[in-house]
Amino acid sequence: MSSNKGIDTIAAARMQAANGERVVVKAGTNSLTDEQSNLDDAKLDKLVDDITDLHNAGKDVIFVSSGAVGAGKGRIGFNGETIEESQALSTVGQSYLMRRYTESFERYDRKIAQILLTQHDLENPERFTNFRNTIETLLEWDIIPIINENDAVTIQEIQIGDNDMLSSSVAIGLDADLLVTLTDVGGVYTGNPKDDPNAERIEAVSNNYATVQSIVEATSSGSFGGIRTKVQGARGVSEHGIPAIIAQSTEENVLQKVAAGEPVGTIFLPINGETDE
Ligand SMILES: Nc1ncnc2c1ncn2[C@@H]1O[C@H](COP(=O)(O)OP(=O)(O)O)[C@@H](O)[C@H]1O
Ligand SMILES: N[C@@H](CCC(=O)OP(=O)(O)O)C(=O)O
């Protein structure tokens with residue numbers, strides 16, 4: 001299934017994405033942990049390899065990483081039953097996650113910074129300005145900021161898997177040129193690719209958005225998050241004229257392929273003031 005827009009428009013969006021100078025990359029829990037919720041070193045190192053490649057290509061990379069609750073579960077050996085327990089697990093997991101990122105980026109002599117945020121911080125003009133100034137300074141220093149939601153003081157995102165929306169707001173607020181959402185499947189499909197062998201990857205989303213929304217509503221289990229918030233976040237970004245791509249974190253050189261304009265994942269075409277529906 002593809003967008004009703006022509007192949008030229010999709011190719012132009014791929015080129016716009018490839019040429020983006022400021023890129024927000026978001027990685028979900030599934031891209032960082034194994035089936036026992038332990039932080040998976042090989043997955044984390046692979047993400048760091050890809051981000052370093054993008055950075056070495058001269059891009060400003062802002063990384064939004066989930067995985068704190070998952071890493072906390074693995075560290076403590078307990079899944080947590082209440083929201084409060086998930087919050088506490090995130091605080092254990094976050095410091096461990098950053099330790100592993102620090103070690104992994106050190107393989108390339110790269111420095112990183114941690115920023116824990118809430119949607120409130122992005123909505124409050126004074127806090128947002130402070131956040132933006134910090135990011136701009138880190139980027140000038142060639143340091144890769146790693147952002148996560150501050151789960152100790154907010155529970156919205158533990159409940160709805162909202163790092164997808166946080167990364168979307170960060171991309172819009174920081175005037176990024178591209179949002180890449182990495183997950184454990186190859187994009188948005190016509191069915192859940194984990195249990196539907198006939199599911200086909202949707203190449204592009206533009207004027208087919210309403211159809212795509214109904215598909216992901218129908219194929220998602222659970223009442224929150226999952227592929228739905230990725231689609232919603234990517235659409236929000238594209239409505240600001242910024243292309244967004246949902247792709248698979250395990251795909252070889254996935255970010256290099258994005259930067260080469262290759263047809264990986266599902267691209268959300270930037271909407272530049274035209275009527276899209
Ligand atoms: N139509 C669909 N297209 C792609 N993925 C889907 C679809 N419906 C359900 N999914 C599921 O959404 C999951 C991705 O969401 P999630 O588990 O929240 O990932 P992450 O940890 O990367 O944030 C995939 O593993 C996939 O099984
Ligand atoms: N702040 C939480 C992220 C929760 C979340 O959004 O997870 P995901 O849907 O896997 O991106 C954590 O680090 O565990």
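Just so you know, ligand 1 is whichever comes first in the structure, and atom 1 is the first atom listed for that ligand. Values below: all heavy atoms of this structure, side chains included; hydrogens, waters and symmetry mates excluded.
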What do you reckon, does [X] have a nitrogen or oxygen under 3.5 Å from a nitrogen or oxygen of ligand 2?
X: Thr29; answer: yes
X: Lys230; answer: no
X: Asp151; answer: yes
X: Asn148; answer: yes
X: Gly70; answer: no

Using a strict 4.0 Å threshold on nitrogen-to-oxygen distance, state whether [X] and [Y] make a salt bridge.
X: Glu21; Y: Lys59; value: no
X: Asp49; Y: Arg107; value: yes
X: Glu203; Y: Arg14; value: no
X: Asp184; Y: Lys194; value: yes

Polar-atom distance check: Asn192 versus ligand 1, any N or O pair below 3.5 Å? yes

Contact (N/O only, under 3.5 Å) between Tyr189 and ligand 1: yes

Looking at [X] and [Y], would you say the former's side chain and the latter's main chain have a donor-acceptor pair under 3.5 Å?
X: Ser238; Y: Arg235; value: yes
X: Thr266; Y: Ala204; value: no
X: Lys257; Y: Glu252; value: yes
X: Lys46; Y: Glu251; value: yes

Taking non-hydrogen atoms only, is Ile227 closer than 4.0 angstrom to ligand 1 via side chain, backbone, both or neither? both

Logged contact type for Pro193 with ligand 1, heavy-atom cut-off 4.0 Å, is side chain

Hydrogens and angles aside, do Asp40 and Thr33 bring a side-chain donor and acceptor to less than 3.5 Å of each other? no

So, Asp142 versus His55: side-chain donor-acceptor pair below 3.5 Å or not? yes

Less than 4.0 Å is my threshold; does some heavy atom of Ala27 fall inside it relative to ligand 1? no

Give a yes/no verdict on whether any heavy atom in Lys26 is under 4.0 Å from an atom of ligand 1. yes

Where's the contact between Val69 and ligand 2, heavy-atom distance under 4.0 Å: side chain, backbone, both or neither? both

Using a 4.0 Å heavy-atom cut-off, which part of Asn163 comes near ligand 2: side chain, backbone, both, or neither? both

Report the residue from Thr118, Leu117, Asp121, Ile115 that forms a side-chain contact (heavy atoms from CB on, under 4.5 Å) with Asn150. Thr118

Applying the side-chain contact (heavy atoms from CB on, under 4.5 Å) criterion to Leu97, which one of Arg99, Gln94, Arg100 satisfies it? Gln94

Counting non-hydrogen protein atoms only, what is the nearest one to [atom]? Give residue, atom name and distance.
atom: atom 18 (O) of ligand 1; value: Gly226 CA, 3.2 Å
atom: atom 22 (O) of ligand 1; value: Thr183 OG1, 2.7 Å
atom: atom 4 (C) of ligand 1; value: Gly187 O, 3.3 Å
atom: atom 13 (C) of ligand 1; value: Asp184 OD1, 4.2 Å
atom: atom 8 (N) of ligand 1; value: Thr219 OG1, 2.8 Å
atom: atom 17 (O) of ligand 1; value: Asn30 ND2, 2.8 Å
atom: atom 20 (P) of ligand 1; value: Lys230 NZ, 3.5 Å

May I ask you to list the atoms of ligand 1 that are less than 4.0 angstrom from any heavy atom of Gly28? 20 (P), 21 (O), 22 (O), 23 (O)

Find all atoms of ligand 1 within a distance of less than 4.0 Å from any non-hydrogen atom belonging to Gly191, and give their numbers and elements. 1 (N), 2 (C), 3 (N)

Which of the atoms in ligand 2, numbered in the order shown and given with their element, are less than 4.0 Å from a heavy-atom of Gly28? 10 (O), 11 (O)

Please list, in number order, the atoms of ligand 2 under 4.0 Å from a heavy atom of Lys26. 8 (P), 11 (O)

Less than 4.0 Å is my threshold; does some heavy atom of Gly67 fall inside it relative to ligand 2? yes

Audit row: His240, Ile271, side chain to side chain contact (heavy atoms under 4.5 Å, CB included) steps and yes/no: CA-CA 7 Å; His240 284 77; Ile271 298 162; over 6 Å; no

Look up atom OG1 in Thr137 and atom CZ in Arg132, then write down how far apart they are to the nearest 0.5 Å. 11.5 Å

Would you say the ring centroid of Phe268 lies under 6.0 angstrom from that of Tyr209? no

